[in-house]
Amino acid sequence: MTFSNLLIQWYLHNKRDLPWRNTTNPYPIWLSEIMLQQTRVAQGMPYFLSFTAAFPTVFDLAKADEEQVLKLWQGLGYYSRARNLHKTAQHVADELSGVFPTTYKDLLQLKGIGEYTAAAIASFSYNEVVPVVDGNVFRVLSRYFDIETDIVAASAKKEFAALAFELMPKDNPAIFNQAIMEFGALQCVPKSPNCSICVFNGSCVALQKNKVDQLPVKSKKLKVRNRFFNYLVLNDENNNTIIQKRTDKGIWHNLYEFPLIETEKEEEFSFISTQIQKDFGVNHEIISVAECNGKSIIHKLSHQHLYIKFWKVNINGVLKKGINNVDLKTFPFPIVIHNFIEKDL
DNA sequence: AAAACGGGGAC
DNA sequence: GTCCCAGTTTT
């Protein structure tokens with residue numbers, strides 16, 4: 001048995017039944033691929049179902065407001081994916097008559113579609129013979145062939161793509177691409193794979209050399225920055241509050257938040273209440289300031305640890321642009337703010 | 001080439 | 001705590 005035959009046989013017996021399989025329609029395939037970038041299937045699944053329900057076609061997605069799209073994306077993370085998804089839907093609907101490009105090369109031109117996603121759509125929808133190279137592929141091939149190339153290096157993707165291309169059956173690239181990723185996700189997992197039941201345990205070089213746990217080689221070590229956010233939850237005579245859109249570069253672009261005081265360190269009541277007097281005391285009579293959560297909520301992003309405090313600020317009079325608790329819930333928020341609104345507000 | 005970009009699950 | 005997930009874009 002060849003590598004691809006064995007792999008595909010394994011796949012046919014072990015594959016999950018996923019809603020974006022069993023179609024060649026590029027729209028749901030594209031949607032699923034964007035959602036699953038750096039995201040587990042289990043996490044992306046409910047979002048895929050709600051998106052396809054809300055936007056059955058690329059035209060429906062194109063017609064939506066970005067805010068609607070971000071609201072449905074809320075909690076999935078990497079929000080540039082949602083913004084690019086929306087822009088690309090508009091491009092396909094308005095400029096391409098709703099028809100997705102049909103080649104790897106042309107798909108690559110679309111916003112949010114890189115080498116992996118272009119290969120996935122081209123092979124799954126159009127049977128183009130082009131290999132996907134994702135985290136699973138790096139892991140499976142580096143172990144099977146004992147390849148010690150640092151997968152962070154720019155050259156690694158080319159090396160593994162060339163290898164995958166040689167391995168894939170040229171008459172059915174789609175099933176090979178599906179199979180190698182599924183194999184990485186279910187069998188050749190990052191930690192403690194059960195090699196005793198693996199179909200490749202007679203030929204996997206890493207297993208023979210007892211170095212499965214050392215592959216793939218990945219050098220990257222990322223630095224995390226600490227930030228300290230103080231969110232001001234204003235509350236006026238009508239029980240209305242204020243939110244604002246994050247329009248700066250950086251995290252949570254185009255999502256909403258409460259008025260923010262960012263500090264260099266964790267601050268206590270005296271510092272924050274003084275700052276609130278400066279920011280809002282000019283236009284409002286502040287009745288009281290109270291910390292909502294005793295200790296900071298530590299919200300961990302991949303490159304930042306956020307230490308977040310919410311401060312309830314009761315004021316006299318009525319806020320201009322104040323919004324009520326019902327309308328508040330219609331805006332897209334970072335999940336940590338959404339959770340606060342749902343549980344603690 | 002390196003950094004930025006979310007959130008959660010598994011250990 | 002660590003690692004990493006059907007990666008892409010920006011710097």
Side-chain angles (χ1 to χ4, degrees), chain A residues 15-16 18-21 28-48 70 73-85 87-88 107-124 131-140 150-157 160-161 164 174 176-186 188-193 213-214 216-225 227 246 248-255 297-306 332-339:
Chain A
K15 66 173 179 166
R16 292 167 290 184
L18 302 175
W20 47 85
R21 290 183 177 154
I29 290 173
W30 165 65
L31 205 48
S32 69
E33 293 303 338
I34 301 300
M35 287 180 171
L36 293 179
Q37 288 168 5
Q38 294 293 286
T39 304
R40 290 168 198 283
V41 166
Q43 189 185 1
M45 179 77 76
Y47 291 85
F48 177 82
L70 286 172
W73 199 274
Q74 178 179 279
L76 195 55
Y78 285 167
Y79 296 93
S80 65
R81 292 184 295 172
R83 299 190 301 268
N84 286 332
L85 183 83
K87 286 177 196 152
T88 290
L107 286 162
L108 209 45
Q109 303 307 311
L110 303 177
K111 285 185 198 306
I113 297 187
E115 293 177 340
Y116 162 77
T117 304
I121 298 172
S123 61
F124 300 159
V132 293
V133 181
D134 73 335
N136 293 304
V137 175
F138 278 128
R139 190 167 56 253
V140 171
D150 185 349
I151 64 171
V152 169
S155 57
K157 204 182 288 182
F160 281 82
F176 177 86
N177 281 341
Q178 291 279 11
I180 195 168
M181 290 193 287
E182 191 78 334
F183 182 77
L186 300 182
C188 195
V189 293
K191 303 233 168 156
S192 307
D213 61 341
Q214 298 167 38
V217 174
K218 188 176 182 182
S219 66
K220 180 137 42 180
K221 43 197 171 277
L222 60 96
K223 314 149 200 168
V224 176
R225 150 165 95 118
R227 301 177 73 178
R246 287 183 70 93
D248 291 354
K249 295 278 178 207
I251 60 169
W252 301 336
H253 183 70
N254 285 5
L255 275 65
I297 297 168
I298 303 175
H299 186 69
K300 294 180 178 181
L301 311 181
S302 49
H303 286 75
Q304 300 180 21
H305 288 180
L306 307 179
F333 292 101
I335 199 63
V336 64
I337 297 178
H338 175 259
N339 289 341

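First the proteins, then the strands, lettered A, B, ... as listed; each starts at 1.
- At the heavy-atom level, A/Arg21 lies under 4.0 Å from base atoms of the strands shown.
- Side-chain contact of A/Gln37 with A/Tyr116: a donor-acceptor pair under 3.5 Å is absent, judged by distance alone.
- Contact between the side-chain N/O atoms of A/Lys223 and the OP1/OP2 oxygens of B/dA3 is found at a separation under 4.0 Å.
- With rounding to whole Å, A/Asn136 atom CG is found 12 Å from C/dC4 atom P.
- Ring geometry for A/Phe160 against A/Phe138 counts as perpendicular: the plane angle is over 60°, on a 0 to 90° scale with 30° as the lower cut.
- Across C/dA6 and B/dA3, the matching C1' atoms stand 23 Å from one another, rounded to whole Å.
- Taking atom CD on A/Glu33 and atom P on C/dA6, their separation rounds to 11 Å, with Å as the unit.
- Of the listed nucleotides (B/dC5, C/dT8, B/dA1), B/dA1 has the atom at the smallest distance from the side chain of A/Ala154.
- The CH2 atom of A/Trp73 sits 13 Å away from the P atom of C/dT8 (whole-angstrom rounding).
- If you check every strand for non-hydrogen atoms under 4.0 Å, A/Leu85 touches nothing.
- For A/Arg225, no side-chain nitrogen or oxygen approaches OP1 or OP2 of B/dA4 to under 4.0 Å.
- If you measure from atom CD1 of A/Ile151 to atom P of C/dC3, you get 13 Å, rounded to the nearest angstrom.
- Heavy atoms of A/Glu115 sit under 4.0 angstrom from primed sugar atoms or phosphate atoms, though from no base atom.
- Within the 4.0 angstrom heavy-atom criterion, only backbone atoms of the sugar-phosphate kind lie near A/Thr117; the bases stay farther away.
- Here the options are A/Ile251, A/Ile297, A/Val336, the test is side-chain contact (heavy atoms from CB on, under 4.5 Å), and the partner is A/Leu306; only A/Ile251 passes.
- Separation of the P atoms belonging to C/dT8 and B/dG9 is 23 Å when rounded to the nearest angstrom.
- Atom CD1 of A/Ile121 sits about 7.5 Å away from atom CG of A/Leu110, to the nearest 0.5 Å.
- Summarising the geometry, the separation between NZ on A/Lys157 and C1' on C/dA6 is reported as 13 Å, rounded to the nearest angstrom.
- In this view, A/Asn136 and A/Asp134, A/Arg139 satisfy the side chain to side chain donor-acceptor pair (under 3.5 Å) rule, not counting sequence neighbours.
- Taking atom CG of residue A/Leu222 and atom P of nucleotide C/dC3, one finds them 9 Å apart after rounding to whole Å.
- Rounded to a whole Å, the CG atom of A/Leu107 is 12 Å from the P atom of C/dT8.
- Mapping A/Trp20 and A/Lys249 onto DNA chain C via the closest heavy atom, the residue that lands nearer the 5' end is A/Trp20.
- With hydrogens and angles left out, the side-chain atoms of A/Arg21 and A/Gln178 include a donor and acceptor closer than 3.5 Å.
- Residues A/Leu85 and A/Trp30 form a side-chain contact, since some pair of their non-hydrogen atoms from C-beta on lies under 4.5 Å apart.
- We find that CG of A/Leu36 is positioned 5 Å from C1' of C/dA6, with the value rounded to whole Å.
- Residues that satisfy the ring-ring contact (aromatic ring centres under 6.0 Å, His included) test with A/Trp20, not counting sequence neighbours, are A/Phe48.
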Could you list all N or O pairs between the protein and nucleotides 6-8 of chain B that sit under 3.5 Å apart?
residue : atom : partner  : partner atom : Å
B/dG6   : OP1  : A/Tyr79  : N            : 3.0
B/dG6   : OP2  : A/Trp252 : N            : 2.9
B/dG6   : O4'  : A/Tyr78  : N            : 2.8
B/dG6   : N7   : A/Tyr78  : OH           : 3.3
B/dG6   : N7   : A/Ser302 : OG           : 3.3
B/dG6   : O6   : A/Tyr78  : OH           : 3.0
B/dG6   : N1   : A/Gln38  : O            : 3.1
B/dG6   : N2   : A/Gln38  : O            : 3.4
B/dG6   : N2   : A/Thr39  : OG1          : 3.1
B/dG6   : N2   : A/Leu76  : O            : 3.3
B/dG7   : OP1  : A/Tyr79  : OH           : 2.9
B/dG7   : OP1  : A/Ile335 : N            : 3.2
B/dG7   : OP2  : A/Trp252 : NE1          : 3.2
B/dG7   : OP2  : A/His299 : NE2          : 2.7
B/dG7   : N2   : A/Gln43  : OE1          : 3.3
B/dG8   : N2   : A/Arg40  : NH2          : 3.4

